[in-house]
There are 2 protein chains.
Amino acid sequence: MIMIINYIHAQNVDGYYYQVCNMLRMTQQREIILEELKKFAGHPTADELFDEVKKRLSHVSLATVYRNLEILSGAGLISKIEISGRQKRFDSDLQQHTHVYCLSCHRVDNIELQSKSSIDFKAKDHQGYRIDGYRIEFKGFCPDCLTKTDNKGGKSMGCKKCGTSGLSEPQRKVLEALAKSKEPCAGKDIALVAGMEAKQVSCQITALKKKGYVASPIRCKYEITRDGQKALA
Amino acid sequence: MIMIINYIHAQNVDGYYYQVCNMLRMTQQREIILEELKKFAGHPTADELFDEVKKRLSHVSLATVYRNLEILSGAGLISKIEISGRQKRFDSDLQQHTHVYCLSCHRVDNIELQSKSSIDFKAKDHQGYRIDGYRIEFKGFCPDCLTKTDNKGGKSMGCKKCGTSGLSEPQRKVLEALAKSKEPCAGKDIALVAGMEAKQVSCQITALKKKGYVASPIRCKYEITRDGQKALA
DNA sequence: GCTTGACATGATAATGATTATCAATTACAT
DNA sequence: ATGTAATTGATAATCATTATCATGTCAAGC
């Protein structure tokens, strides 16, 4: 099956603009991508959808999924959701609707407006823009992030150099020194046990506090947290 | 000057949650970042703002600008705009307002709603979310992209291997062959002049058409465009 | 006044998310 | 059967961003 989509603007040597229109094919990969997107409970990223498609097409490439999500959204067959400043999501529902976005884990869900809110919008002054549409999005915290169990929110970059626990070697030393102690310790004490300079210990403590692995119940005294103990495991 | 901002959630070994609150300092870099963001006509990306800050602080690091934009927006001193799925923008205006976003070049401008549109929204069913706010965004094409001069939209990745014109070596050969011809050429003719296999010429023509460097005034005949001629220069 | 603690920086490495290249494959048109 | 065109997988490359680390700066405490 062939469908006509995607106009590429170009300009010939005489200066006239025209559009290149090219035939697209409905390949097996595209059919499966569309089907899995319809089945997906929610609005997946390319990577999340790739995991589903790969179950059905073992040889499919992540680049193919990325490429086709852009092509299919450009062709108007699916919606592209750009609600986070770093990662795109996709939606099989082409109808205008409202989303809610979690500020912590970046998850996106559908949400309905109260019926009396559903009106058409118009901009007062288009400022030269040609307006093609609008979107409304709610933001807040999802149920999971509200309970805040072990969930620390969206993906954060961990240093592969540090290993799976997200600890660099100096941080591990500091954490191990704290783990040995039954009471909150000062930086100097930690430095002694860890065999490190006190200034370096101070820096690592700052980083570990940000990761939630170290706490300061008394000023200038530190102790390992539950997360910190898990990170050492 | 010191301000108290940024609470980091942590949990001690007894299982009790608490917040770490840390002092932030208003460094010279932060003051200048805030000032330049206020002066910026529009909503810059980190990279765009870095260019302005660097004019006043020659030694400032891009990482410092990135880090501080996140810190300052986390502290509520500036707004973070996540309207494109790949790049964040920032705004000094903390008031709730509406944006318009160009689907071609990704530029973001402020826009005002018609007065009768300005009502408070409520979601019908929060689905367990704690809703903290909402946003409305218009989308369309900006004045520049509507006229479509030489502007090809947002940044696209060019291959450094190809050089500044964004042409790989085979593409350059094909384009040069086309530049020599006064009339539209078939693939086979191009293959002869370029000393390449016809099949490879075909692939390169496809890529060049997408880049807007080659056009097809007659089916199966190709000619170089004005952009294509510029790309060869 | 000195020491300790804490925040911040620049340089640079590293990462996540995405896109480009290319030879080969598949499919359509003539 | 041949020519043309779209698509793919593997992989390299890029963009946008974040982490690391040694050092600098500044505030607090003794």
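Every chain is numbered from 1, with letters handed out A, B, ... down the list of sequences. All values reported here derive from a predicted model rather than from experimental measurement. As a basis for the values below, the full set of heavy atoms in this structure was taken, side chains included, without hydrogen atoms, waters or symmetry mates.
Looking at which nucleotide of DNA chain D each of A:Q204 and B:L62 is closest to, the 5′-most match is held by B:L62. Along DNA chain C, the nucleotide nearest A:I205 and the nucleotide nearest A:E70 are compared for position; the residue whose nucleotide lies closer to the 5' end is A:I205. Annotation: of the two residues near DNA chain D, A:A63 and A:G85, the 5′-most nearest-nucleotide partner is A:A63.
In this structure, A:K139 has no salt bridge (Lys or Arg N to Asp or Glu O under 4.0 Å) partners at least two apart in sequence or on a different chain.
Counting only distance, with no hydrogens or angles, the side chain of B:R86 and the backbone of A:K88 share no donor-acceptor pair below 3.5 Å.
Looking at the side chain of B:H59, the nearest of the listed nucleotides C:dT19, D:dA16, C:dG10 is C:dG10. The side chain of B:R25 lies closest to D:dT25, out of D:dT25, C:dT26, D:dT17. When each of C:dT9, D:dG9, C:dG10 is scored by its nearest atom to the side-chain atoms of B:N68, the top-ranked nucleotide is C:dT9.
Using a 4.0 Å cutoff on non-hydrogen atoms, the parts of residues 29-40 of chain B near DNA chain C are B:Q29, B:R30, ordered by number.
Under 3.5 Å, the side chain of A:R67 and the base of C:dA20 form no donor-acceptor pair of N or O atoms. Judged by atom type and distance alone, B:R86 does not reach the base of C:dG16 through any side-chain donor-acceptor pair under 3.5 Å.
Listed by first and then second residue, the ring pair (Phe, Tyr, Trp, His ring centres under 6.0 Å) pairs involving residues 35-77 of chain B are B:H43-B:H99 (not counting sequence neighbours).
In this structure, B:P44 and B:L37 have side chains that are in contact, with non-hydrogen atoms separated by less than 4.5 Å. Within the 4.5 Å cutoff, the side chain of B:F90 has heavy atoms near those of the B:E70 side chain.
Note on B:Y66: a side-chain N or O is less than 4.0 Å away from OP1 or OP2 of D:dT17.
Base engagement by A:T64 is indicated by at least one non-hydrogen atom pair under 4.0 Å involving a base atom.
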